[in-house]
Amino acid sequence: MNLTNTFKKLSLNKAYEYLDRDPENNIPKMLDLAEKLDQEGGIARQLGPVRQALSDPDNNWFRLAKSLWTDVDSEVRKTLFTNFVVNANMISNPKLTENREKYGCNIPWAILMDPTSACNLHCTGCWAAEYGNRMNMTLDELDSIIEQGKALGTYMYIYSGGEPLVRKDDLLALCAKHSDCQFLAFTNGTLIDEAFADEMLRVKNFVPAISVEGFEEDTDFRRGKGTFAKLRRGMEILREKKLPFGVSCCYTSRNYAMIGSEEYFDAMVEWGAKFAWFFTYMPVGVGAPTDLMATAEQREFMYHRIREFRKTKPLFTMDFWNDGEYVQGCIAGGRCYLHINANGDIEPCAFIHYSDSNIREKTLLEAYQSPMFMAYHNNQPFHENHLRPCPLLDNPGRLAQMVDSAEAHSTDLQDPEDVHDLAEKCREKAEKWAPVADRLWACSHGCASCGDCQKKAE
């Protein structure tokens, strides 16, 4: 670590100690210091929109920040601050910028990877449900990915699957070895028990995002009878142990109204969630049902509801597609993140199952410089309207062009899907979303005070 990074770490550790003594009064002061030390602007970009709100004790953002002191174990909170705020942002951002310029390619802030394709559930519309337990990366392979990633500046690692908690022991071993990294897992939550929660308290740098489809009826519809009760018990254990967790929500044509309801947002807060990821259903896989895809009207409904509740609910929310305007379009292809499946295939996105690289044949850097990832690098953003960010769902011809030019292959080992067939499944939704997205984009960039978009959505 160079002297600049050492100074940053020492300064921010002192700032944290100061904050920890009186969070209610010192939160705004800590943000001042963090922004002064953030030469690359990464923290400022993330906290800028809420900075003013955090100076108001009655504001929902202030209440969320304060809850990290009342609801989260002190050592876990300190580790989260060190690994996420300092290492994965303040230290990471300059290193990422330097290496992106040095190597002329995307290098991700976060790596999403699947330890296994195995899962204890069989959810409707989930591609992993068809793979069984046939694909697994070894502990050494997972460790190598993290080692390579850290060398290039990546300190944020996210697990998906399959069900990652099928590999509990290995995940905990990686957390312990890479104590300077922050780990998150998308999990169905049914395997969280007292023993695992105690291990989370031991390693301190693992945060689950529990997949929920609404309340019991909608969750059990996709994930199986009794799933909702089991994941709620997992949440209760985490809350009792003062461990932070979030919620992952896939909204479909069936459950969008519930997912976007105030009742559901209030429930997530009551359950103890500190953040929520929102994804729209994607028909990935030859047999994936297309009738669960959200319509343009339903997607717009979610656009407005998430923004509305950001102003009032103490919950940090992220909308994978509709927040494209805040991150300048598509974040996949290594621009901010990428996906490595349980077979070692390095994919641009969790929803884009095409690749020209495998971790068993190439280093991460070689994959970042491969034709598939360079196609992303050279074409992003895929549309000047960042509410149309995705090369598949929003601009379906763009993905097919990149896959063809890179001579990439389908990574679906069960039933490979031609990228042109997949694009066609999304074409109608893209065409109907385009005028809605263009209206929302024009409104947010010129007539935000008129309220017409909100009225039309209602």
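These numbers come from the heavy atoms of this one structure, side chains and all, not from hydrogens, waters or symmetry mates. The chain is numbered in sequence order, starting from 1.
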- Message: For Glu297, is there an ion pair with Lys432 - N to carboxylate O distance below 4.0 angstrom?
- Response: no
Side chain to side chain contact (heavy atoms under 4.5 Å, CB included) with Met235: of Ile192, Val212, Leu243, only one passes, and it is Val212
message: Over 60° means perpendicular and under 30° means parallel, so tell me whether His178 and Phe183 are parallel, tilted or perpendicular.
response: tilted
* Note, Phe301 side chain near Tyr256 side chain (heavy atom, < 4.5 Å) -> yes
Q) Do the side chains of Arg299 and Leu393 get nearer than 4.5 Å, heavy atoms only? A) yes
Which of Glu347, His353, Glu417 passes side chain to side chain donor-acceptor pair (under 3.5 Å) with Thr411? Answer is Glu347
Phe206 and Phe196: aromatic ring centres closer than 6.0 Å? yes
message: Does the plane of the ring in Phe279 sit parallel, tilted or perpendicular to the ring in Trp321? Use 30° and 60° as the thresholds.
response: perpendicular
Working note: Leu338 + Tyr368, criterion side-chain contact (heavy atoms from CB on, under 4.5 Å); need CA distance, chi angles, decisive distance, verdict. CA-CA 10 Å; Leu338 56 79; Tyr368 300 162; 3.1 Å; yes
Any idea how Phe186 and Trp277 line up, ring-wise: parallel (<30°), tilted (30 to 60°), or perpendicular (>60°)? perpendicular
Smallest heavy-atom separation, Lys429 atom then Met293 atom, equals CG-CE, 3.6 Å
One should read off an interatomic distance between Met156 CE and Ser92 OG, to the nearest 0.5 angstrom, of 11.0 Å
Exactly one of Phe320, Tyr303, Phe265 clears ring-ring contact (aromatic ring centres under 6.0 Å, His included) with Phe278, and that residue is Phe265
Closest heavy-atom pair, Phe84 versus Asn89, reported as atoms and distance to 0.1 Å, is O-ND2, 2.7 Å
One should read off an interatomic distance between Ser261 OG and Arg305 CZ, to the nearest 0.5 angstrom, of 7.0 Å
Look only at the side chain of Asn87 and the backbone of Cys181, and say whether a donor-acceptor pair between them is shorter than 3.5 Å. no
Inset, instruction - Establish, from distance only, whether the side-chain atoms of Gln380 and Asn106 form a donor-acceptor pair under 3.5 Å. - result: yes
Whether the side chain of Asn255 engages the backbone of Cys250 through a donor-acceptor N/O pair (distance < 3.5 Å, no angle test) should be reported.
yes
Heavy-atom closest pair (Glu163 atom, Asn188 atom, distance to 0.1 Å) is OE1-N, 2.8 Å
Looking only at heavy atoms, the pair that brings Tyr159 and Leu112 closest together is C-CD1, 4.1 Å
_Heavy-atom side-chain proximity of Pro348 to Met402 below 4.5 angstrom_ = no
Practice task
Assign the ring pair Tyr376 / Phe373 to parallel, tilted or perpendicular, where the plane angle (0 to 90°) is split at 30° and 60°.
Solution key: tilted
Above 12 or not: heavy atoms from other molecules or residues under 6.0 Å from NZ of Lys362?
-> yes
> Does some side-chain heavy atom of Gln298 sit less than 4.5 Å from a side-chain heavy atom of Ser253?
Replying inline: yes
Open item on the list: One thing to verify: whether Glu325 and Arg307 come together as a salt bridge, which I'm taking to mean a side-chain N less than 4.0 angstrom from a carboxylate O.
Closed with: yes
Would you say that Leu171 contacts Pro115 through its side chain, given a criterion of any heavy-atom pair below 4.5 Å between the two side chains? yes
Check for a donor-acceptor pair, side chain of Asp345 on one end and backbone N or O of Ser355 on the other, with a separation under 3.5 Å. no
dist Leu165:CG -> Ile210:CD1 (nearest 0.5 Å) comes out at 9.0 Å
>> Assess the residue pair Glu101 and Thr97 against the criterion (side chain to side chain donor-acceptor pair (under 3.5 Å)); give the C-alpha distance rounded to whole Å, side-chain angles, the decisive distance to 0.1 Å, and a yes or no.
In response: CA-CA 6 Å; Glu101 294 174 355; Thr97 299; over 6 Å; no
- Evaluation steps, side-chain contact (heavy atoms from CB on, under 4.5 Å), between Ile146 and Met113: CA-CA 10 Å; Ile146 298 170; Met113 53 187 176; 3.7 Å; yes
**OP:** Verify side chain to side chain donor-acceptor pair (under 3.5 Å) between Asp438 and Asn385, making sure each step is shown before the conclusion.
**Re:** CA-CA 7 Å; Asp438 289 346; Asn385 180 346; 2.9 Å; yes
Lys/Arg N to Asp/Glu carboxylate O, Glu199 vs Lys168, below 4.0 Å = no
| Does the side chain of Ser410 pick up a donor-acceptor pair with the side chain of Asp412 at under 3.5 Å? | no
**Report entry** Donor-acceptor under 3.5 Å (Asp143 side chain, Leu139 main chain)
**Finding:** no
With a 3.5 Å cut-off and no angle check, do the side chains of Ser144 and Gln148 form a donor-acceptor pair?
-> yes
Check: Are the side chain of Asn60 and the backbone of Leu315 linked by a donor-acceptor contact shorter than 3.5 Å?
Finding: no
Asn136 and Glu141 have their tightest heavy-atom pair at O-OE1, 4.4 Å
Side-chain donor/acceptor of Arg398 to backbone N/O of Phe382, under 3.5 Å
yes
Flag, side chain of Asn99 to backbone of Leu152, donor-acceptor distance under 3.5 Å
yes
Taking C-beta and beyond as the side chain, do Gln182 and Leu80 meet within less than 4.5 Å on heavy atoms?
yes
Here the gap from Ile331 atom CD1 to Tyr337 atom OH, rounded to the nearest 0.5 Å, amounts to 6.5 Å
In terms of heavy-atom contacts, Pro108 and Leu96 come closest through O-CD2, 3.6 Å
Side chain of Asn358, backbone of Asn343: donor and acceptor closer than 3.5 Å?
yes
Donor-acceptor check, side chain of Arg335 to backbone of Cys330, threshold 3.5 angstrom: yes or no? yes
With heavy-atom distances below 4.5 Å as the criterion, would you say the side chains of His420 and Asp404 are in contact? yes
- Query: With no hydrogens and no angle check, do the side chains of Ser160 and Asp114 hold a donor and an acceptor under 3.5 Å apart?
  - Reply: yes
Counting neighbours of CD on Glu428 that are heavy atoms of other residues, nucleotides or ligands and sit closer than 6.0 Å, is the number greater than 12? no
- Message: Between the side chains of Glu98 and Lys95, is the shortest nitrogen-to-carboxylate-oxygen separation below 4.0 Å, so that they form an ion pair?
- Response: no
Rounded to the nearest 0.5 angstrom, the CZ-CD distance for Phe309 and Glu262 is 4.5 Å
| request: Say whether, by atom type as modelled, one donor and one acceptor occur between the side chain of Ser370 and the main chain of Ala367 under 3.5 angstrom. | output: yes
- Message: Using the rule given for side-chain contact (heavy atoms from CB on, under 4.5 Å), can you reason through Phe316 versus Lys274, listing the C-alpha separation, both sets of side-chain angles and the distance that settles it, and then say yes or no?
- Response: CA-CA 6 Å; Phe316 185 80; Lys274 299 305 177 189; over 6 Å; no
Verdict with supporting geometry, Asp291 and Arg254, salt bridge (charged side-chain N to carboxylate O under 4.0 Å, His left out):
CA-CA 9 Å; Asp291 60 343; Arg254 174 188 168 97; over 6 Å; no
message: Is there a side-chain contact (heavy atoms from CB on, under 4.5 Å) between Met258 and Glu217? Walk through the geometry before answering.
response: CA-CA 11 Å; Met258 177 59 72; Glu217 179 182 354; over 6 Å; no
(request) With the side chain counted from C-beta on, respond yes when Ile359 and Met137 share a heavy-atom pair under 4.5 Å apart, and no when they do not. (result) yes
